[in-house]
Amino acid sequence: MRSLSYVILFCTVCSIVCWNEGYFLGCYSNIPNVRTNIPSYSGQNNCIKACGSRYYRYAIPDTTCSCGNYEGEQVSNTTCNECQDCKDKEGILDIYATGNLLPGPPRNLRISNVTDTSLKISWSEPESFVELTSYKIRAKLLKTFSTFPPMSPEWVYSNKTFQTDIITLHPSSIYNLSITSVSPDGEGAAIYSDVKTEIGEPDNPPSPPELLSNDGSQIKIKMMAVTNNNGPVSAYRIVVVNNDVKESFNKDNLMSYDAAKRMGLTYYTAAELNPIEITKPFIVGDGRSYGGFYNPQLDPNVNYNIILGVVSRMGNETKICYSVPFSDTLVFKFSDEEGENSALIVVLSVAIGLLSCVLVASVIGFIILRNRVTNRRQRLSDNQELTLQGPMIEVENNGYIPEEEHVPINHYRSLRQKLQTFLPSQIKIDTSNLLGTGKFGRVNRANILNGDNLTPIAAYTIQDKKMGQETRKSMLQELDLLIKTGKHDNIIQLLGTCETPQTVIVALELVTTNLKEFLLGSRETLPERFSSLSEYQALDTAMQIAQGMAHLEHSKILHKQLCARSILLSNGVPKISGYGLAQYHSHNKIPDYTRWTAIEVFRGQPHNPKSDVWSFACLLWEICALGGTPYASVSNTNEIPEKIMRGLRLPQLQYFSEDLYQVMLDCWQIDTDERPKFEQLLEMLMALQENTFVPYLSFNLMANFQYEPFYPDIELAVRPNY
Ligand SMILES: *[C@@H]1O[C@H](CO)[C@@H](O)[C@H](O)[C@H]1NC(C)=O
Ligand SMILES: *[C@@H]1O[C@H](CO)[C@@H](O)[C@H](O)[C@H]1NC(C)=O
Ligand SMILES: *[C@@H]1O[C@H](CO)[C@@H](O)[C@H](O)[C@H]1NC(C)=O
Ligand SMILES: *[C@@H]1O[C@H](CO)[C@@H](O)[C@H](O)[C@H]1NC(C)=O
Ligand SMILES: *[C@@H]1O[C@H](CO)[C@@H](O)[C@H](O)[C@H]1NC(C)=O
């Protein structure tokens, strides 16, 4: 019994193997679509092999060798020679199966316009196939500088798509980009190519150097190495800025000391150091040359600011990123030094005297200037035409709804009563894993140790001791916003704080998926569809955000920067972020919110809860447009305010309903009283969702479908100098 089943098994295995290696089918006539002729072949086996390796189903070894995917009509199951009845039939040929059922690789793979995060790709149909359902694109990461492994994304496109933009790649990385065609019988062979994305600007600005000693003409500093996820760390640069001159520092004008002197600039590059030298203390002003830059003696009568830059080079591209001065820049004050000899003390006193004069002068100057600015602002709000000049800067950005003008400034003691506090030993910060940079410091991935439990968090490290009074006040106000928010499923949560002698660490809920990137990543054309996101998911996400916003409004908090980039996704649940202290960005991706800003704000009026409603509708549009850029046709963001005041609104897209668009239009009413509140918005969206007769949104492919364009550059702010 058992041996019989072995025999059966053996035969099954044999027939599969035999099938795979090609076998004789019979004598056929009317064979259609003979696709190719294999030149100079010898023997039928070679013909079968040649056709199989070209992904054809059938081989026809005659005087020439042809391959095809359709067999025609069977005349006989013997060869045409052995067939008795076939002698007088015409066009009969012996056909062999190659054993291949899968489509061949797509052809003409073309990759163009490669940037640091995107590229264009095009391809054409495979040479050999019977039926295709879709194309699958994979970007497999082969090499990267990133310490966190970026994803190896995949997309599926319909069998009618032959080009697309790939937009979520990582800079300075090598990907194996491949395309396969998928048929009902399975996935076919791949065509592939390695692509190297361009170098990105270093994502991790160095910390400002630390002062070790200062003897007037020489300043000894200590520096910290940085990690860079966007490219190699090739060198460090030390930049000296004369801090007494109120000349604005422009990193694009940086040059060597001599060249700067000739140009009359008061800042220069003093040294370029090899990365291995960075851990050693460095003396600014030692009169030597470093990496082609002269490091001259300093003037003892000048206050200097020293900036550290990290240089990343790949091929002929160089990107440099300088230490971010957090509110209070590190100024090497001459008076910091404890002078021991009396001459020094005399010099010191004179210097301090001079400085005080300068200080008094600048305070007076500041007061005059401020009065002028205030006057100008008043004039501006009298005259709307003038406010067209640029986006709003006039608004005091404290995020509170105006009725609550007098916000008590909480001090740490009262903070401690409201918040969980952690011991420094409980928090383990992963310094090589920077999530972003905020106004007051860096935000790193970290873990909180609670008993035996490790909870991953986002740790915002605030250099509290280096902060000026005003900066601390605004920091506490922003922290207070998060405290006031309390807990809500759709809002990023403040977990607690931790104080160390030098810093305050604010622990925030760790969520790393951003709605904007999620939406862009969902752009793929499956058979009949153009997004992997469902319509229900899209509207549901918007509704949950509306719930979170309703909660913020109840807590009397204005968001002011609502857009898809401000929303994080934790297992599909949207969490509102990007307000108060919960604001941090990869340093070269600071969003410009102009395209989401309400009309009254352009007119110089303060933000109010209905301004957030306006922004919410832009966000709703952004969700429906799968991450498309609002007003993409207006590439100059400075023109947006004027165009909106003249009536420009985001358009209704082909694939969302009149009713859904009407909800957006309601939110874009000029009169804020006519805009719905978030609670009403929720009801309106729910009504759309419950009305099963009219689909509110459809991600089904339609003729001439095109994605809404996405232009990362015009959604990002032009960065301030250094
Ligand atoms: C071949 O065809 C004949 C009739 O056309 C049939 O009787 C015979 O069973 C077939 N043989 C095989 C192996 O299929
Ligand atoms: C590639 O980029 C250039 C310049 O940015 C542009 O002119 C060209 O149209 C782009 N090519 C494609 C295929 O989009
Ligand atoms: C593409 O897919 C459609 C249906 O999904 C099918 O009717 C059509 O034949 C396919 N085209 C090719 C070239 O396979
Ligand atoms: C790239 O991917 C294709 C398909 O997945 C694979 O066949 C090929 O070996 C890969 N090439 C490299 C260099 O990894
Ligand atoms: C950099 O080098 C590439 C070829 O390696 C060249 O195509 C490109 O024009 C160069 N760019 C600059 C700015 O020199």
Side-chain angles (χ1 to χ4, degrees), residues 20 32-36 49 52-58 67-71 98-112 114 118-146 149-164 166 168-198 314-315 521-535 655 698-707:
N20 280 346
N33 279 0
V34 171
R35 294 243 183 150
T36 196
K49 266 196 202 134
S53 68
R54 284 166 168 77
Y55 300 92
Y56 285 97
R57 296 188 168 196
Y58 306 114
C67 314
N69 282 319
Y70 301 93
E71 71 269 55
T98 61
N100 173 66
L101 293 175
L102 298 178
R107 285 174 299 169
N108 305 323
L109 171 62
R110 210 166 286 142
I111 294 167
S112 61
V114 181
S118 71
L119 51 82
K120 277 187 191 301
I121 181 173
S122 68
W123 64 93
S124 47
E125 272 182 355
E127 175 187 322
S128 166
F129 66 91
V130 173
E131 192 192 337
L132 298 180
T133 53
S134 58
Y135 292 102
K136 196 162 195 167
I137 301 185
R138 291 184 176 83
K140 186 166 183 329
L141 188 71
L142 298 179
K143 228 173 141 185
T144 182
F145 288 97
S146 177
M151 287 195 298
S152 291
E154 291 183 16
W155 300 267
V156 179
Y157 288 91
S158 80
N159 65 8
K160 293 179 204 75
T161 308
F162 297 103
Q163 68 168 60
T164 185
I166 302 280
T168 48
L169 301 175
H170 195 82
S172 311
S173 302
I174 300 176
Y175 286 91
N176 178 2
L177 202 64
S178 65
I179 307 186
T180 56
S181 16
V182 182
S183 74
D185 298 302
E187 193 175 337
I191 183 167
Y192 58 89
S193 170
D194 285 1
V195 213
K196 192 171 190 177
T197 49
E198 283 187 359
M314 216 170 67
S522 83
R523 290 182 170 203
E524 47 186 359
T525 70
L526 304 142
E528 313 291 319
R529 306 266 302 160
F530 59 82
S531 175
S532 55
L533 187 70
S534 73
E535 292 83 354
Y655 45 90
S698 162
F699 294 147
N700 288 337
L701 265 179
M702 56 206 85
N704 303 323
F705 168 77
Q706 281 203 319
Y707 288 112

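In this chain, numbering begins with 1 at the start of the sequence shown. Just so you know, ligand 1 is whichever comes first in the structure, and atom 1 is the first atom listed for that ligand.
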Return a table of N or O atom pairs, ligand 4 on one side and protein on the other, at distances under 3.5 Å, rounded to 0.1 Å.
| residue | atom | partner | partner atom | Å |
| --- | --- | --- | --- | --- |
| ligand 4 | 2 (O) | N176 | OD1 | 3.4 |
| ligand 4 | 2 (O) | N176 | ND2 | 2.4 |
| ligand 4 | 11 (N) | N176 | ND2 | 2.8 |
| ligand 4 | 14 (O) | N176 | ND2 | 3.1 |

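On a distance-only criterion, E131 and ligand 3 share no N/O pair closer than 3.5 Å.
Contacts of L132 with ligand 3, taken as heavy-atom pairs under 4.0 Å, involve both backbone and side chain.
The OH atom of Y157 sits 14.0 Å away from atom CZ of F162, with the distance rounded to the nearest 0.5 Å. Between the OG atom of S134 and the CH2 atom of W155 there is a distance of 15.0 Å, given to the nearest 0.5 Å.
Applying the side-chain contact (heavy atoms from CB on, under 4.5 Å) rule to P171 yields the partners D116, T117, N230; only residues at least two apart in sequence or on another chain are considered. Taking F145 as the reference, S172, P232, M314 meet the side-chain contact (heavy atoms from CB on, under 4.5 Å) condition, with sequence neighbours excluded.
Judged by distance alone, the side chain of Y707 and the main-chain N or O of E524 form a donor-acceptor pair under 3.5 Å.
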Which side-chain N or O atoms in residues 179-186 pair as donor and acceptor under 3.5 Å with protein atoms at least two apart or in another chain?
| residue | atom | partner | partner atom | Å |
| --- | --- | --- | --- | --- |
| T180 | OG1 | E187 | OE2 | 2.8 |
| S181 | OG | G104 | O | 2.9 |
| S183 | OG | D185 | N | 3.1 |
| S183 | OG | G186 | N | 3.3 |
| S183 | OG | G186 | O | 3.0 |
| D185 | OD2 | R57 | NH2 | 2.8 |

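Contact of the T525 side chain with the V156 side chain is not registered, since no non-hydrogen atoms from C-beta on lie closer than 4.5 Å.
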